[in-house]
Amino acid sequence: MVGSLEQVAQAIRAYNKFLITWHVDPDPDCVGSGLALKQALQAMGKDVICVSPDPLGEWFEFLPGIESCAVFTEGFSPHVDAVIVEDCEPDRCGGLVSYLKSGVPIINIDHHGTNLGFGQAFYINPRAAATGEIIYQLLTEYLHVSLTEAMATNLYAALAGDTGTFRYSNTNSRVLAAASELVKHGANPAEIAVHLYENRAYEEVDFLRAALDTLEISPRGEMSWITVTKTMLGERQWSGQRSEDLIKYPRMIKTVKLAIMFRELDAAKTKVSFRSRDNIDASKLAALFGGGGHMHAAGCTIDKPLPEAKAMVLEAAAELLAASPGNGSE
Ligand code: AMP
Ligand code: MN
């Protein structure tokens, strides 16, 4: 754990005009956390805008207040007292990075252990299942905001998003207790689950056909991967897809300790997602390629064409598996 939530609360109390932002490739945790925080700060009489570095796919539309979120465009440089960067470090904010380096005060809130903490106030707690869990604690214990149904729905979606709706190894009594409180304040678990998992366009499910066709597995069965190329995506926009949707297939194979997804972003850029089990540290693997994340879920973007990036990552992954106790070739 680095920094202090009290310091973050003090900085929030001290300023009036905020911009809230998060990482590229947004997910329900960063967006739900950002919206709930915005709504809470507005209830405290603050002036707040949320700006996403990347477009928000249709699947975020159920989050209350999403229509008020702006998407970054070139030349964007609003005057605010402070920027709250949540669920990532400032370097992962895409087009907003140069604005964040212009000297504007930064408050950084995150749960990625690979984040060392940035800005004049920060709180990084890798033990939190989601950034939404930290925001929940900030609002209830430090800022004493009364939770509205909108805030509860956004925070529940954040927790559900990062815990696979309370199934992953980061699910514990603390996060379940927070979820229970959020339900008391109006979050509807069944409705949120439908929006997260059962509200797909036909094209998205159809795309699985092509994606599953690329499924591969290592000879010993401990590593499996899936590959998405630009050609496969065709006219489809990635913003309609979720990495979780695809990587869950290699991950669900019972012998697999490390699941990987390769996604061709362009001719010279590849996004890699990692999911692991047991003692396999996916964040270490991602860090080798300039990325980061959590022990069991991590990612990186490599400035190499897909075939090259894939070869490098598979080699490093095989080495990691061989070096991990219980997985090496005996
Ligand atoms: P993804 O595979 O993109 O869904 O990401 C898995 C986890 O790793 C999420 O918690 C992401 O926030 C995190 N992550 C992905 N890419 C990076 C990166 N380049 N740096 C740090 N964390 C990342
Ligand atoms: Mn998160």
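Counting starts at 1 for both ligands and their atoms, in listed order. Note that these values count all heavy atoms, side chains included, but never hydrogens, waters or copies made by symmetry.
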Is there a polar contact, in the sense of an N or O pair closer than 3.5 Å, between [X] and ligand 1?
| X | result |
| --- | --- |
| Thr114 | no |
| Gly292 | yes |
| Asp87 | no |
| Asp25 | no |

Region of Ser243 engaging ligand 1 - heavy atom pairs below 4.0 Å: side chain
From Ile84, Val51, Val80, residue fulfilling side-chain contact (heavy atoms from CB on, under 4.5 Å) relative to Ile20: Ile84
Heavy-atom proximity to atom 18 (C) of ligand 1, best of Ala287, Gly161, Gly299, Cys88: Gly299
Metal-centred angle, OD1 of Asp87 through the Mn ion (ligand 2) to OD2 of Asp162, rounded to 10 degrees: 160°
From CA spacing to verdict: salt bridge (charged side-chain N to carboxylate O under 4.0 Å, His left out), Asp47, Lys38: CA-CA 9 Å; Asp47 191 350; Lys38 174 185 177 189; over 6 Å; no
Does a side-chain N-to-carboxylate-O contact under 4.0 Å join [X] and [Y]?
| X | Y | result |
| --- | --- | --- |
| Arg263 | Asp25 | yes |
| Lys310 | Glu264 | no |
| Asp278 | Lys257 | yes |
| Asp245 | Arg200 | yes |
| Asp266 | Lys269 | no |

Nearest-0.5 Å distance, CG of residue Asp27 to OG of residue Ser243: 8.0 Å
Can you report which non-hydrogen protein atom sits closest to [atom], along with the distance?
| atom | result |
| --- | --- |
| atom 3 (O) of ligand 1 | Lys271 NZ, 2.6 Å |
| atom 2 (O) of ligand 1 | Ser273 OG, 2.6 Å |
| atom 14 (N) of ligand 1 | Arg92 NH2, 3.3 Å |
| atom 13 (C) of ligand 1 | His112 NE2, 3.7 Å |
| atom 7 (C) of ligand 1 | Ala297 O, 3.5 Å |
| atom 6 (C) of ligand 1 | Arg275 NH1, 3.4 Å |

Geometric class of the His294/His112 ring pair [parallel <30°, tilted 30-60°, perpendicular >60°]: parallel
Mutual orientation of the aromatic rings belonging to Phe62 and His195 [parallel < 30°, tilted 30-60°, perpendicular > 60°]: parallel
Which atoms of ligand 1 are found less than 4.0 Å from any heavy atom of [X]?
| X | result |
| --- | --- |
| His294 | 10 (O) |
| Gly291 | 18 (C), 19 (N), 20 (N) |
| Ala298 | 2 (O), 6 (C), 7 (C), 8 (O) |
| Gly293 | 8 (O), 13 (C), 21 (C), 22 (N) |

Test item: Thr21 side-chain N/O and Val85 main-chain N/O as donor-acceptor pair under 3.5 Å: no
Lys46 side chain vs Ala40 backbone, donor-acceptor pair below 3.5 Å: no
Name of the Asp29 atom (N/O/S only) found closest to the Mn ion (ligand 2): OD2
Non-hydrogen atom of Met261 closer than 4.0 Å to ligand 1: no
Close approach, Glu244 and ligand 1, non-hydrogen under 4.0 angstrom: no
Pairs satisfying salt bridge (Lys or Arg N to Asp or Glu O under 4.0 Å), at least one member in residues 163-186, at least two apart: Glu133-Arg174, Glu181-Lys184
Metal proximity, His111 vs the Mn ion (ligand 2), N/O/S cut-off 2.8 Å: yes
